[in-house]
Amino acid sequence: MEGQRSSRNRKSAKRSRAQSNERNRDAKKSKSESPSSSSFLEKMKARLSGGHFRMINEKLYTCTGEEALIYFKEDPSLFNVYHAGYQAQMSQWPEQPVQKIIEWLQGHSPSLTVADFGCGDARVAKSVKNKVFSFDLVSNDPDVIACDMSNTGLDSSSVDVAIFCLSLMGLNYPNFLKEAHRVLKPSGWLLIAEVKSRLDPKTGGADPTKFIKAVCELGFTPVSKDFTNKMFVLFYFKKQEKPSSKRKEIQWPELKPCIYKRR
Ligand code: SAH
């Protein structure tokens, strides 16, 4: 008797568990179909890819150009993750530095030959009439040359304008500028846009005057600088006509990584 009752109890408990599971399943199903949960999923996905972007970004700021080239060669899909995150960050900036550079080029002769060092999605080449050589670590576009930009393969004294738009990322950034100096014609332009915090001593960044001094010692003359933008600074230099006779070691300031905040 006792045995029969307990077996009935067990059966009814099992039935009610099954019903409750079914209810939970239905509840879950309707939840997963509701718009609030799909936006939650979107948010989670964005958070994950945002974290991945910040990881790749930090890697690029803490290795040499050569190491960065190997990093992306091993998994070129990381480049797309990086650029999706980069564009998401840029969309929050009131002004885009690449747009400033495009406007500068549009205000000068289209016959100037340009080298875009660390071109990203090659927006410069797509927006101006000039002949543009676009370099980046990965090429997803037939017009982009994949290389470490310390070694572009361009002929010496062959271009009129060298651009670095937020691309002085490697620990060996002076090598990128040395390559620009090599490929520029005498009196050629060097345009550098960098994240403001990297060149603002108030936020732990380098002293911009030390940076300008080092670039000048490499063989450039400063023409102007623009600190009016909230997020970035712009420097305009010209390559000196004649190489400087002084051959002393250049004191390059350390440029700290730009760590993007979680959005
Ligand atoms: N100039 C573009 C992209 C900036 S993001 C723009 O303003 O929109 C910085 C770019 O520099 C990235 O695409 C990164 O891959 C590239 N880069 C960093 N180090 C490099 C190196 N050593 N050689 C070539 N490209 C490099």
Side-chain angles (χ1 to χ4, degrees), residues 52-105 114-128 130 132-141 143-154 159 161-183 189-198 226 229 231-235 252 255-260:
H52 205 176
F53 157 71
R54 284 190 296 278
M55 193 196 82
I56 302 165
N57 181 62
E58 198 172 331
K59 167 76 187 168
L60 294 179
Y61 277 118
T62 51
C63 71
T64 65
E66 252 174 29
E67 286 162 346
L69 188 65
I70 296 168
Y71 178 68
F72 280 137
K73 257 194 192 148
E74 281 170 358
D75 186 355
S77 72
L78 295 180
F79 190 75
N80 300 335
V81 177
Y82 175 76
H83 273 284
Y86 177 79
Q87 291 307 337
Q89 289 288 340
M90 279 302 118
S91 68
Q92 313 278 311
W93 288 23
E95 269 193 291
Q96 308 243 329
V98 69
Q99 200 48 44
K100 285 269 164 195
I101 285 174
I102 290 167
E103 282 163 22
W104 187 92
L105 284 171
V114 179
D116 186 4
F117 287 75
C119 63
D121 60 6
R123 198 163 306 176
V124 171
K126 291 186 176 86
S127 311
V128 299
N130 309 57
V132 181
F133 295 98
S134 303
F135 301 98
D136 210 301
L137 294 162
V138 172
S139 168
N140 288 329
D141 183 316
D143 291 335
V144 175
I145 301 158
C147 66
D148 165 22
M149 62 190 172
S150 6
N151 191 2
T152 60
L154 285 176
V159 303
V161 186
I163 295 168
F164 290 87
C165 187
L166 308 196
S167 57
L168 293 178
M169 299 184 86
L171 290 175
N172 61 333
Y173 81 86
N175 291 359
F176 309 151
L177 295 173
K178 278 178 202 156
E179 176 68 351
H181 185 264
R182 183 186 72 76
V183 304
W189 287 95
L190 169 67
L191 272 48
I192 302 175
E194 254 316 321
V195 179
K196 203 172 208 169
S197 60
R198 302 186 81 200
D226 178 356
N229 293 284
M231 305 301 281
F232 59 91
V233 290
L234 273 162
F235 300 99
W252 291 98
L255 292 184
K256 294 233 168 68
C258 160
I259 305 294
Y260 292 97

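All residue numbers refer to positions in the sequence shown, counting from 1. Note that ligands are numbered from 1 as they come in the structure, with each ligand's atoms numbered from 1 the same way.
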Closest approach of E58 to I259 (non-hydrogen atoms, all atoms of both residues): CG-CD1, 4.0 Å

Minimum-distance pair of heavy atoms, taken over all atoms of R182 and L154: NH2-O, 2.7 Å

Counting from 1, what ligand 1 atoms have a heavy atom of [X] closer than 4.0 Å?
X    : value
M169 : 9 (C), 18 (C)
F176 : 22 (N)
V98  : 7 (O)
C147 : 23 (N), 24 (C)
L166 : 9 (C)
G65  : 22 (N)

Contact (N/O only, under 3.5 Å) between D148 and ligand 1: yes

Short N or O distance, D121 and ligand 1, threshold 3.5 Å exclusive: no

Centroid-centroid distance, Y173 to F164, less than 6.0 Å: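 When the ring centroids of Y173 and F164 are compared, they turn out to be at least 6.0 Å apart.
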
For atom 4 (C) of ligand 1, the option (of S150, G120, C165, S167) bearing the nearest heavy atom: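 Nearest option to atom 4 (C) of ligand 1, by heavy atoms: C165.
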
For atom 23 (N) of ligand 1, the option (of E179, M149, E67) bearing the nearest heavy atom: M149

Salt bridge (Lys or Arg N to Asp or Glu O under 4.0 Å) assessment of K126 paired with D141: CA-CA 11 Å; K126 291 186 176 86; D141 183 316; 2.8 Å; yes

For [atom], find the nearest protein heavy atom and state the residue, atom name and distance (0.1 Å precision).
atom                    : value
atom 6 (C) of ligand 1  : Y86 OH, 3.7 Å
atom 15 (O) of ligand 1 : D136 OD1, 2.6 Å
atom 1 (N) of ligand 1  : G118 O, 2.8 Å

Close approach of [X] to ligand 1, heavy atoms, under 4.0 angstrom:
X    : result
C119 : yes
H83  : yes
F79  : yes

[X], [atom1]: over 12 other non-hydrogen atoms inside 6.0 angstrom:
X    : atom1 : answer
K178 : NZ    : yes
Q87  : CD    : yes
E66  : CD    : no

Non-hydrogen side-chain atoms of F79 and I56 separated by less than 4.5 Å: no

Close side-chain approach of N229 to K196, heavy-atom, < 4.5 Å: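 No. Closest side-chain heavy atoms not under 4.5 Å.
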
E179 and T152: side chain donor to acceptor below 3.5 Å: yes

